[in-house]
Structures are given as C-alpha cells and as structure tokens.
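Lettering follows sequence order; numbering is per chain, from 1.
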2 protein chains.
Amino acid sequence: MTQFEEYYPSQFLANAVKQFAKLPGIGEKTALRLVLHLLRQDEEQVLEFAQAIVDLKQKTHRCSICHNISDSEVCDICANPARDHSMVCVVEDIQDLLAIERTRQYNGVYHVLEGLISPVEGIGPEDINFSSLEQRVKSGQVKEIILALNASSEGEATSWFLFKKLSKYDVKITSIARGVGFGDELHYTDEITLGRSILERKPFDLK
Amino acid sequence: MTQFEEYYPSQFLANAVKQFAKLPGIGEKTALRLVLHLLRQDEEQVLEFAQAIVDLKQKTHRCSICHNISDSEVCDICANPARDHSMVCVVEDIQDLLAIERTRQYNGVYHVLEGLISPVEGIGPEDINFSSLEQRVKSGQVKEIILALNASSEGEATSWFLFKKLSKYDVKITSIARGVGFGDELHYTDEITLGRSILERKPFDLK
C-alpha cells in the first residue's frame with residue numbers, strides 16, 4: 001500500500017490521518033473516517049478527546065509495587081487491604097491483568113512484567129520487571145506465585161525462567177490451568193490442548 | 001453491552017478508553033488496545049498525536065467557495081487556475097470528494113453539501129450547503145453541474161431537489177454514470193443496477 005501519497009486538502013487533516021494510521025489495526029481509510037468524525041464534533045468535545053490523551057500519558061504512573069497502571073504511587077489493588085497480598089499473579093501486561101479482574105474470581109494481587117523474555121528479539125530478564133518481583137518474594141510476604149503467561153514460546157521461556165529463579169525461595173509456584181475451554185468444541189480444540197487435557201485429567205465432581 | 005462498568009486501575013486510563021470508544025466502529029476492547037498502545041509510546045509522540053487532533057479542529061476551515069476542508073480561506077482546488085471552474089461536481093461530503101480526486105479523472109471543481117436532504121430526519125435544503133451552490137450557478141460562471149450523490153433515498157431526494165431548483169438557470173445538469181462496476185460479476189449485481197444498465201446501454205466501442 002502506498003500510504004500518504006494521496007491528496008489531502010489540508011495538511012492538518014493529513015497529519016491527523018497520519019497520526020491515527022499509526023495506531024495498531026487502523027489503516028489510512030479508517031483513520032480518515034475517524035478524523036472526519038472528529039471534525040464534525042463540537043470543538044469542546046474534540047479538545048476533551050485531545051486532553052484525555054495528554055492526561056493518559058502525563059498523569060498515569062506505574063504502581064511502584066506491581067507496575068499496574070495507577071493514578072497514584074501505589075495502585076488501588078495493591079492499596080486494598082481486602083486483597084490477599086500473599087498471592088501474586090504474574091501477568092505479561094495490563095490487558096491480561098484486566099482480563100483476570102473481569103472474571104471476579106481472583107482476590108490476590110498482581111505483578112505486571114511489561115514484557116516477556118525473548119532471546120530471538122533480544123529481550124532478556126533485565127528488560128522485564130523481574131528484579132522487583134524477586135524483591136517482593138525475598139521480603140517473605142509472598143506465599144504463592146501464580147504464573148499466568150501466554151502459552152507462546154516467549155511465555156513458556158519466561159515461566160521457566162521465573163520458576164528457576166524463584167523456586168529457591170520459600171514460595172509456592174503455580175500456573176493457571178490449561179485445558180479445553182468451557183463452551184469449546186472438542187473436535188475444534190488444538191491437539192496440544194486436547195492431549196494435555198487428557199494427561200492432566202482430574203477427578204469428576206458434580207460442582 | 002454494559003459499557004464502562006469494568007474495572008480500570010486509573011481514571012485517566014478509563015477516560016481515554018471512553019473517548020476512543022466514542023469513535024465510530026471502535027468498541028471498548030479496541031479502545032483499550034489503542035490506549036495501551038499510546039501509553040507505550042514516548043511522551044513526545046503522544047503529545048504530537050494530541051496536538052494533531054487540536055490542530056485538526058482549530059486550524060482547518062471550510063473553503064468559502066466549495067466547503068472543502070482547507071488550511072486557508074479558499075481550498076487548493078478552488079485556488080488552482082489549472083482546474084476547470086465552469087464544471088462543478090456536487091458531493092455529499094469530503095470522503096466522496098477525496099474518492100473522486102483519487103480517480104485522477106476529474107479536472108473540474110467541487111461543491112460539498114455537508115449533508116443530504118432527509119425529510120425523515122428533518123434535514124431540509126437550508127441544512128445543507130445549497131444556497132452557496134445556487135449563488136455559484138447564478139454568477140453565470142458555471143456551465144455544468146455534475147450530481148455525484150449516493151443512490152440512497154436521501155441522495156435521490158437531494159438530486160431531485162437540486163435539479164428542480166437549478167434547471168431554471170442556464171446550466172447543464174448531469175449525473176455520474178451508474179451501471180455494473182468494472183470487475184463486478186453480473187450475477188452478483190443487484191437487480192436495479194443490472195436492469196438499469198440494460199435500459200441505459202450505450203454503443204459498443206473498442207476503447
């Protein structure tokens with residue numbers, strides 16, 4: 001696709017389209033549609049939109065304990081005394097943290113790695129939030145680490161690294177259950193998942 | 001969908017997601033993905049993005065002649081002496097103008113209505129840029145008006161209204177050709193288009 005060789009009647013229009021087209025999954029045509037939509041809004045609404053983006057970058061922080069996004073130094077999960085601070089769920093990024101929160105099944109706290117180890121891409125342990133996790137474990141307050149990383153080669157490498165590094169401390173290390181999803185059709189489930197779900201079968205109960 | 005009842009660890013994050021989710025075709029999940037992408041960018045890039053949106057709204061104008069988007073009072077199409085100013089193509093919006101420009105087949109000028117007449121939605125001739133079009137025709141500089149509006153009921157109603165109002169002036173009024181698209185399969189073409197393409201057949205030539 002030859003991008004931005006098109007005619008635009010305004011450099012400001014062209015620039016706004018260019019900026020939107022940098023976003024993941026947004027092509028030039030979609031960007032133009034979004035920009036023309038914004039242009040039809042009242043100035044107040046457009047300025048609110050722009051301000052929200054500025055505030056997003058300038059007023060949010062990373063929680064000093066778990067690296068969750070936060071408006072204050074410590075995020076509201078880490079600051080919540082009703083959560084179990086002895087159980088730390090390790091996730092790759094905020095999206096995975098939010099996905100787990102959405103289940104309403106988890107009452108522990110988190111640790112956001114902000115990345116996965118990837119030898120291919122040259123991302124090592126020092127490039128993810130590992131040392132702060134090790135500090136938390138070292139402090140002795142953590143009883144269980146739940147590894148909730150994707151089953152990609154990077155996810156597996158990272159889980160393996162974390163297990164190797166953290167198992168020397170007095171902490172239980174678990175991993176989220178993998179198997180056939182509720183609602184999934186068996187004959188559409190990939191072979192690795194289905195094979196493992198048989199090997200790792202568990203006693204049937206009526207719950 | 002119950003929107004924005006989800007947990008967000010930051011009100012600024014939540015607000016940015018809310019703003020993005022107001023854009024057409026962007027749901028809350030996509031909005032979150034876009035916002036987290038922005039959050040990973042350098043501050044400079046994020047501020048550039050926000051500034052592009054502010055500039056879009058504050059620094060663009062509507063061309064005083066044709067209502068195209070422009071950085072100056074008169075757009076670069078209307079200001080271009082190489083274009084044929086006696087031929088005015090009437091379009092609904094900027095997207096349609098850009099689509100015609102993209103063909104590189106048209107050397108006349110435009111008139112952007114910024115809407116279509118819709119009795120159902122209470123949009124009358126005074127709500128679209130009709131009076132400025134009539135003024136242009138009245139001035140006597142326009143020899144041909146090309147109606148390039150969608151074949152929707154609003155498009156047809158608007159074309160019909162423009163024809164009725166403008167045919168009293170000394171101006172030729174034409175409409176873009178409709179028919180089976182190049183590359184379209186005949187048996188997938190809708191009946192109205194195919195039927196009309198037979199009624200409005202034209203002499204075969206080898207060009």
Side-chain angles (χ1 to χ4, degrees), chain A residues 6-20 22-26 29-30 32-43 45-61 63 68-72 75-77 93-95 97-98 101-102 104 110 114, chain B residues 6-20 22-26 29-30 32-43 45-61 63 68-72 75-77 93-95 97-98 101-102 104 110 114:
Chain A
E6 264 198 48
Y7 160 74
Y8 285 107
S10 150
Q11 57 152 321
F12 300 109
L13 177 70
N15 189 39
V17 170
K18 196 179 97 183
Q19 291 289 341
F20 269 92
K22 281 183 190 170
L23 296 174
I26 307 278
K29 280 208 173 173
T30 304
L32 176 63
R33 194 164 50 83
L34 299 179
V35 163
L36 291 176
H37 171 86
L38 276 177
L39 205 48
R40 282 191 296 269
Q41 309 306 306
D42 295 337
E43 180 161 350
Q45 286 174 284
V46 176
L47 295 184
E48 258 180 33
F49 186 89
Q51 192 59 49
I53 292 165
V54 173
D55 287 349
L56 170 76
K57 191 64 190 176
Q58 293 187 333
K59 296 191 180 167
T60 60
H61 312 268
C63 170
N68 186 9
I69 292 172
S70 174
D71 294 343
S72 43
C75 78
D76 48 7
I77 294 177
D93 57 27
I94 303 292
Q95 268 171 296
L97 183 155
L98 294 178
E101 280 300 283
R102 222 176 283 137
R104 297 171 197 267
Y110 293 92
E114 292 185 75
Chain B
E6 264 198 48
Y7 159 74
Y8 285 108
S10 150
Q11 59 152 320
F12 299 109
L13 177 71
N15 189 40
V17 171
K18 196 179 98 183
Q19 292 289 341
F20 269 92
K22 282 183 188 171
L23 295 174
I26 307 277
K29 281 208 173 173
T30 304
L32 175 62
R33 195 162 51 83
L34 299 179
V35 163
L36 290 177
H37 171 86
L38 276 178
L39 205 48
R40 281 191 296 269
Q41 309 307 305
D42 294 338
E43 178 159 351
Q45 286 174 286
V46 176
L47 295 183
E48 259 180 32
F49 186 89
Q51 192 59 46
I53 292 165
V54 172
D55 287 348
L56 170 78
K57 191 65 190 178
Q58 292 186 333
K59 295 191 180 166
T60 61
H61 312 269
C63 170
N68 186 8
I69 293 172
S70 175
D71 294 344
S72 43
C75 78
D76 49 7
I77 294 177
D93 56 28
I94 303 292
Q95 268 171 296
L97 182 156
L98 293 179
E101 280 299 286
R102 223 176 283 137
R104 298 172 196 264
Y110 293 92
E114 290 185 76

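- A:Lys57 places a side-chain N or O within 3.5 Å of a backbone atom of B:Gln41 that can act as its donor or acceptor partner.
- No donor-acceptor pair under 3.5 Å is formed between the side chain of B:Asn68 and the backbone N or O of A:Pro9.
- The shortest distance between side-chain heavy atoms of B:Val46 and A:Leu56 does not fall below 4.5 Å.
- The closest side-chain heavy-atom distance from B:Arg33 to A:Leu23 is not below 4.5 Å.
- Not one N or O on the side chain of A:Lys59 forms a donor-acceptor pair closer than 3.5 Å with the backbone of B:Phe12.
- A:Tyr7 contributes atom OH, which lies 7.0 Å from atom CG of B:Leu98 (distance to the nearest 0.5 angstrom).
- With a 4.5 angstrom heavy-atom cutoff, B:Gln51 does not touch chain A via any of its atoms.
- Each of B:Ser70, B:Gly25, B:Ser72, B:Ala52 has some count of heavy-atom pairs under 4.5 Å with chain A, and the biggest count is that of B:Ala52.
- Contact count versus chain B (heavy atoms, under 4.5 Å) is highest, among A:Val54, A:Asn15, A:Ile69, A:Asp93, for A:Ile69.
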Start with the C-alpha distance between B:Glu48 and A:Lys22, add both sets of side-chain angles, then the distance that settles side chain to side chain contact (heavy atoms under 4.5 Å, CB included), and finish with yes or no. CA-CA 12 Å; B:Glu48 259 180 32; A:Lys22 281 183 190 170; 4.2 Å; yes
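- B:Leu13 touches chain A through backbone and side chain together, each having a heavy atom under 4.5 Å away.
- Between chain A and the residues B:His37, B:Gln45, B:His61, the most heavy-atom pairs under 4.5 angstrom are made by B:His37.
- Using a 4.5 Å cut-off between heavy atoms, B:Asp76 touches chain A through its side chain atoms alone.
- Note on A:Val35, A:Asp55, A:Leu97: by heavy-atom pairs under 4.5 Å with chain B, the leading option is A:Asp55.
- With a 4.5 Å cut-off on side-chain heavy atoms, B:Leu47 and A:Ile53 do not count as touching.
- For B:Glu43, the parts sitting under 4.5 Å from any heavy atom of chain A are the backbone and the side chain alike.
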Intermediate values then yes/no, side chain to side chain contact (heavy atoms under 4.5 Å, CB included), B:Ile26 and A:Ile26: CA-CA 10 Å; B:Ile26 307 277; A:Ile26 307 278; 4.2 Å; yes
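- Using a 4.5 Å cut-off between heavy atoms, A:Glu101 contacts chain B through its side chain alone, with no backbone atom that close.
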For A:Leu39 and B:Thr60, what are the C-alpha separation, side-chain angles and deciding distance, and is it a side chain to side chain contact (heavy atoms under 4.5 Å, CB included)? CA-CA 9 Å; A:Leu39 205 48; B:Thr60 61; 3.7 Å; yes
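- Between atom CG of residue A:Asp71 and atom OG of residue B:Ser10 there is a gap of 3.5 Å, rounded to the nearest 0.5 Å.
- Contact record, B:Phe20 with A:Phe20: CE2-CE2, 4.2 Å, taken as the closest heavy-atom pair.
- Proximity to chain A (any heavy atom under 4.5 Å) is restricted, for B:Leu36, to the side chain, taken from C-beta onward.
- The choice from A:Pro24, A:Cys63, A:Cys75 that makes the most heavy-atom pairs within less than 4.5 Å of chain B is A:Pro24.
- At least one side-chain heavy atom of A:Leu32 sits less than 4.5 Å from a side-chain heavy atom of B:Gln95.
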